[in-house]
Visitor: 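Before I ask anything, here is the structure I am working with.
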Amino acid sequence: MKLNNRASDRFDWTLAFILLLFLIVSAVAIASAQTTGQYNINFVPSQIQWYVVGAVIIAVMMYFDPEQYKKAAWIIYGGGVFLLFLLFILPEGMDLVARRNNAKSWFHLPGLGSIQPAEFMKTFYIIGAARLITMHNEKHMNRTRQTDLLLLGKITALLAVPLFFILEQPDLGTALVFIAITAALILVSGISWKIIVPLFAGVAAFGTLLIWMAVYMQDFLVKTFGFSAYQFARIYSWLDPYAYPSDEGRHLITSLNAIGSGMIGGKGFQGREVYVPEAHTDFIFSVIGEDWGFIGASLVISLYFVLIYHLTKTTLQLKDPFSTYVCTGIIAMITFHVFQNVGMTIQLLPITGIPLPLISYGGSSIMGNMLALGLVFSMKFHHRTYMFSADPED
């Protein structure tokens, strides 16, 4: 009993080792991405620095137990919404606000660089949604269609607030991450499948209709929903990138050429020949595919499978509903990030500004993911304390 109360026995060493492997992969991939010379900067030391900051974040997160996160959920969620609101109302002319790729999504902090609050809001939203679902289910022990619809309405309202500010930036990629997290939480929330199946089928049909309308009814979408030509270009360049070789399709064409030229074994470390814009951030997977080929890319994807498997295994071990919902949201967030980022580099999905988690360069992305994984560390750490030391007589 006493042995299991030691911090070293409750710490998730497996997850820590997986993160160390991601740091190595990230450093190697970024070092190779820099050889094409888009930026005359060495990003590797900065990436390692962000990982160190992430480790500190995890240590701080582990200090608090799940019950404390549950009690502070609305404060945490509200703080994230306030940051998004602040970014929304501040004028672009201020030095505090930065715009990139037509999106007003960053705070510029002197000495620290740019910080994207939406990356942190993902975790804050997961905590808030987990608290909402837990409290609702505790209050409504006898489930009915009315209580399930009420819970669905609550989740929708909770999602609508951050989603509004993120779409106003505009940042469609991050908005899709929030929707993916919500979908996963709805699946495990206990809502009847008689409600879930029609709901998900309707959302899928609506998404398909939007894509069809983007191809054949652009004027209607512009006048009715305010879509821009830039957003339509993302769809067109995805469906036929070679029709836009010098504009929107350039990123996808170069990514396909880079990954395809890597073939089975790749060209080796820093053996890149294909220039891919933003290769160290959103298109880091194309660097991996060119350097290490199909084998290297498969190993990286396998590493994500190991991470997701470990997170899933940890989630199944947790007995607290709040912790289970939080871990489910984190798994959904990481899974969608990987699927979307890899998919966009191989023309499986449209291009969005979603980084490859734990590998793409970026302080906000690394810290946001470490914030989320810090919750997993905390919940496993304190879960074992509850299991073995809650009652001295057991």
Side-chain angles (χ1 to χ4, degrees), residues 84 101-105 118 121-122 125 129 145 148-189 191-244 247-249 251-253 255-256 282 329 332-333 335-354:
L84 292 177
N101 299 325
N102 298 316
K104 182 186 172 186
S105 305
M121 187 63 212
K122 296 171 188 175
Y125 170 71
R145 182 183 295 271
D148 284 352
L149 289 174
L150 177 61
L151 176 56
L152 188 61
K154 291 178 180 179
I155 296 173
T156 302
L158 194 75
L159 170 66
V161 179
L163 200 63
F164 167 78
F165 291 115
I166 290 168
L167 287 174
E168 282 293 317
Q169 291 178 357
D171 188 352
L172 179 60
T174 301
L176 292 175
V177 177
F178 276 84
I179 293 173
I181 292 170
T182 305
L185 290 174
I186 289 174
L187 285 174
V188 300
S189 66
I191 294 176
S192 172
W193 283 95
K194 294 180 181 179
I195 297 175
I196 291 177
V197 171
L199 173 66
F200 280 38
V203 172
F206 180 72
T208 303
L209 177 63
L210 277 181
I211 294 176
W212 181 85
M213 293 176 70
V215 177
Y216 298 104
M217 299 179 64
Q218 302 94 331
D219 293 339
F220 174 79
L221 290 177
V222 171
K223 295 178 181 178
T224 307
F225 298 103
F227 284 91
S228 65
Y230 174 77
Q231 292 169 318
F232 289 131
R234 288 287 182 94
I235 300 296
Y236 304 148
S237 62
W238 166 49
L239 297 174
D240 187 11
Y242 294 97
Y244 306 88
D247 298 312
E248 290 79 8
H251 280 80
L252 181 53
I253 292 173
S255 176
L256 292 172
D282 295 348
M333 179 184 75
T335 302
F336 183 81
H337 263 268
V338 175
F339 182 72
Q340 171 62 41
N341 183 275
V342 174
M344 77 178 190
T345 63
I346 59 175
Q347 204 183 353
L348 183 65
L349 294 170
I351 292 177
T352 58
I354 294 182

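Worth knowing before you read on, the calculation uses all heavy atoms, side chains too, and leaves out hydrogens, waters and symmetry mates. Worth saying up front: this structure is predicted, and the values here are computed from it rather than measured.
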Visitor: Enumerate donor-acceptor pairs with a distance under 3.5 Å from any side-chain N or O in residues 191-200 to protein atoms, sequence neighbours excluded.
Guide:
residue	atom	partner	partner atom	Å
Ser192	OG	Lys194	N	3.1

Visitor: Just so I know, are the side chains of Phe339 and Leu349 near enough to count as touching, which here means a heavy-atom distance under 4.5 Å?
Guide: yes
Visitor: Can you list everything that forms a side chain to side chain contact (heavy atoms under 4.5 Å, CB included) with Ala184? Sequence neighbours excluded, please.
Guide: Thr328, Ala332
Visitor: Could you pull out the closest heavy-atom pair between Gly353 and Asp282, with the gap in Å?
Guide: CA-OD2, 3.6 Å
Visitor: Kindly compute the distance separating CD1 (Ile181) from CG (Leu176), expressed to the nearest 0.5 Å.
Guide: 11.0 Å
Visitor: Nearest 0.5 Å, what's the CD1-CG distance between Ile186 and Leu151?
Guide: 8.0 Å
Visitor: Can you see which heavy atom on Gln340 is nearest to which on Pro350, and at what distance?
Guide: NE2-O, 2.8 Å
Visitor: How many angstroms lie between atom NZ of Lys154 and atom CG of Leu158, to the nearest 0.5 angstrom?
Guide: 11.0 Å
Visitor: Kindly write out the residues that satisfy ring pair (Phe, Tyr, Trp, His ring centres under 6.0 Å) with Phe178, not counting sequence neighbours, or none if the list is empty.
Guide: Tyr125
Visitor: Give every residue pair that meets the side chain to side chain donor-acceptor pair (under 3.5 Å) criterion with at least one member in residues 341-351, sequence neighbours excluded.
Guide: none
Visitor: Within this structure, what is the CE-CG distance for the pair Met121 and Leu163, rounded to the nearest 0.5 Å?
Guide: 10.5 Å
Visitor: CZ of Phe165 to CD of Gln169: how many Å apart, nearest 0.5 Å?
Guide: 10.0 Å
Visitor: Could you pull out all residues at least two apart from Asp171 that satisfy salt bridge (Lys or Arg N to Asp or Glu O under 4.0 Å)?
Guide: none
Visitor: Mind listing the closest non-hydrogen atom pair of Ala118 and Thr174 along with its distance?
Guide: CB-CG2, 3.9 Å
Visitor: Can you tell me how far OG1 of Thr352 sits from CG of Leu172, rounded to the nearest 0.5 angstrom?
Guide: 7.5 Å
Visitor: Between Ile354 and Met344, does a side chain to side chain contact (heavy atoms under 4.5 Å, CB included) hold up when you go through it step by step?
Guide: CA-CA 9 Å; Ile354 294 182; Met344 77 178 190; 5.6 Å; no
